[in-house]
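Right, one structure below, let's go through it.
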Amino acid sequence: MARICFVSYEIHPTTWGGCGVLLHHSAARLLREGHEVYFLLDVTAREFAQFRDLDRLDLPNPGACHPHHVESLAASMDWTGDEVSNPFAWRALRFACALRELAARETLDYVEFFDYTGPAYYALIDKACGVLPGDMTIGVRLHNTLELIDRCAPTHARDEERHLMYRMERAALGMADVILTPSRSYFDAHVRDFYDLDDSRVQISAPEFRSAARKESPHGNGAPRIVYLGRLHPFKAVDQFIRAALGLMRRRPELEFKVELIGPEAGGAKSGQPYGEYLRRLIPHQLAERFAFTGFLDATQIEAQLAGASFAVFPNRLESFCYAAHEVRAAGVPVVLNTIAGFGEFFEHESDALFYDGTDAGLIDAMERLIDDPGLRHKLAGAAGASSVPICDFYTNISTRSNGSRPKDKAHLPSVLVVVMNESGAAAGASESATLDALSAQTFQDFRTVRLITSGDRTGGGLFWLGRMWLARDGAGDALDGG
């Protein structure tokens with residue numbers, strides 16, 4: 001049996017988020033099958049204690065589930081948060097430090113990171129440099145990267161800090177031993193060409209999803225209720241949902257339906273203002289009472305809100321899987337879905353969902369159709385759907401995998417690599433020496449290392465760059481041609 005470690009900011013039911021739900025369901029299956037499951041969690045101390053002491057005990061075979069707190073394992077880090085300018089780079093460093101400590105105590109067959117902001121970056125560098133065991137497989141599961149989200153719904157200036165996170169994501173995907181995607185269509189549509197990845201490291205692994213016995217949500221006799229469930233974020237296209245609801249109210253004023261938006265406001269901006277504020281400003285004052293923003297709700301409260309809902313709308317511009325849509329369908333509530341790759345392999349139009357073409361007008365038409373057609377609502381609410389989506393046999397066979405000699409695609413490896421800057425003269429300092437030693441220890445050596453050493457002589461040749469003169473040297477300190 002395998003020893004599998006999941007690295008996360010989230011874990012269901014302790015924290016909010018689809019990633020945490022995915023890990024909880026995956027862990028439950030693996031524990032039932034006899035595997036050892038480890039969690040490396042970057043959560044608050046209170047949340048960690050809640051999961052370790054209470055929520056973990058509801059999992060099958062909880063004695064084989066071993067949670068570890070990043071805060072504790074990374075206590076010996078040499079850096080503080082104030083010394084690392086990017087908070088996500090800081091958290092990635094903490095993950096790497098914590099994983100070093102955990103790997104020193106436990107033999108792990110497989111460690112799985114998520115893709116968003118590149119949290120696996122420093123851990124993968126550790127493995128490449130021999131700090132982590134070479135036979136430990138490190139994978140990255142595709143959810144949605146920050147760069148993809150920003151391409152779908154740009155909400156921030158693409159400054160140096162943002163580009164650093166993009167590069168960490170790209171580097172992590174480039175170094176990962178395996179990349180897990182929930183569906184072939186998602187990988188092909190959004191990831192393969194954009195990140196220039198081949199199929200050799202890709203595994204199709206749909207998130208584990210198990211629902212309670214399906215039952216159609218009881219629809220009340222009052223005004224129709226249309227719900228949205230998820231974070232209020234621009235890439236979720238909640239603004240399109242509100243615009244379409246307003247459009248339908250204008251088209252059919254006799255339909256006195258209400259709209260409920262269930263979920264926390266998760267940052268982002270639109271038109272220079274916070275996204276939640278932007279959404280509220282879309283709604284005319286005279287119609288405001290027909291829109292309800294519930295904020296964060298726990299699982300029990302969400303279940304109560306879904307009871308009696310006429311249908312739910314998921315206008316999302318980008319999704320890899322979207323647990324919320326599956327959970328709402330499993331609750332017996334019909335769903336209206338945008339036609340995107342993340343939904344296409346898991347739902348069928350007019351069988352267990354109603355798809356629309358991604359436009360405001362298309363969504364208005366779909367909503368109007370469901371309100372007017374109780375037979376279609378009943379059909380979609382009672383559809384069998386996929387109550388158990390397999391996660392494939394990837395985890396089951398992980399203990400037999402060997403990745404230490406995975407072939408490198410030389411088309412994606414550098415011919416001229418690293419510039420090591422030394423601002424204090426020709427002699428390499430301790431940090432520069434450590435960098436040069438790490439480069440010389442790489443198993444792939446088909447690259448040149450360039451050292452740039454500051455020079456005060458503007459007349460003696462060299463390179464003028466960043467407001468000063470530099471001399472070019474190779475890794476051994478010898479002058480390069482022209483330097």
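Positions are given from 1 along the sequence.
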Could you check Y9 against F114 for ring pair (Phe, Tyr, Trp, His ring centres under 6.0 Å), going step by step and ending with a plain yes or no?
CA-CA 9 Å; Y9 298 147; F114 52 96; 4.9 Å; yes
Under 4.5 Å between any side-chain heavy atoms of F293 and L279, yes or no?
yes
Taking the side chain as everything from C-beta on, heavy atoms only, tell me whether Y356 gets closer than 4.5 Å to L337.
no
Partners meeting side-chain contact (heavy atoms from CB on, under 4.5 Å) with P87 (sequence neighbours left out)
E161
Is it the case that atom CD in E83 sees more than 12 heavy atoms from other parts of the structure closer than 6.0 Å?
yes
Between N144 and Y186, do the side chains contain a donor N or O and an acceptor N or O under 3.5 Å apart?
yes
Residues, nucleotides or ligands: over 12 heavy atoms within 6.0 Å of R105 CZ:
yes
Cation-pi between R151 and F235: NZ/CZ under 6.0 Å from ring centre and within 45° of the ring axis?
no
Mind checking salt bridge (charged side-chain N to carboxylate O under 4.0 Å, His left out) for D42 and listing every partner two or more places apart, or none if nothing turns up?
R91, R94
Got a sec, which residues hit side-chain hydrogen bond (donor to acceptor under 3.5 Å, both in side chains) with R281, two or more places apart in sequence or on another chain?
Q273, E277
Partners meeting side-chain hydrogen bond (donor to acceptor under 3.5 Å, both in side chains) with D126 (sequence neighbours left out):
R100
Name all pairs fulfilling the ring-ring contact (aromatic ring centres under 6.0 Å, His included) condition that reach into residues 49-76, sequence neighbours left out, sorted by first residue then second.
Y38-H66, F39-F51, F48-H69
Any heavy-atom pair between the side chains of L380 and V335 that's under 4.5 Å?
no
Step through the shown structure and confirm whether more than 12 heavy atoms of other residues, nucleotides or ligands are within 6.0 Å of CZ on R184.
yes
Aromatic centroids of F321 and F346 separated by under 6.0 Å
yes
Checking E319, E10, E265 against R231 for salt bridge (Lys or Arg N to Asp or Glu O under 4.0 Å), the one that qualifies is E10
Salt bridge (charged side-chain N to carboxylate O under 4.0 Å, His left out) with E348: which residues, sequence neighbours excluded?
none
Specify the closest pair of heavy atoms between S76 and E101, including all atoms of both residues, with the distance to one decimal.
OG-OE2, 3.9 Å
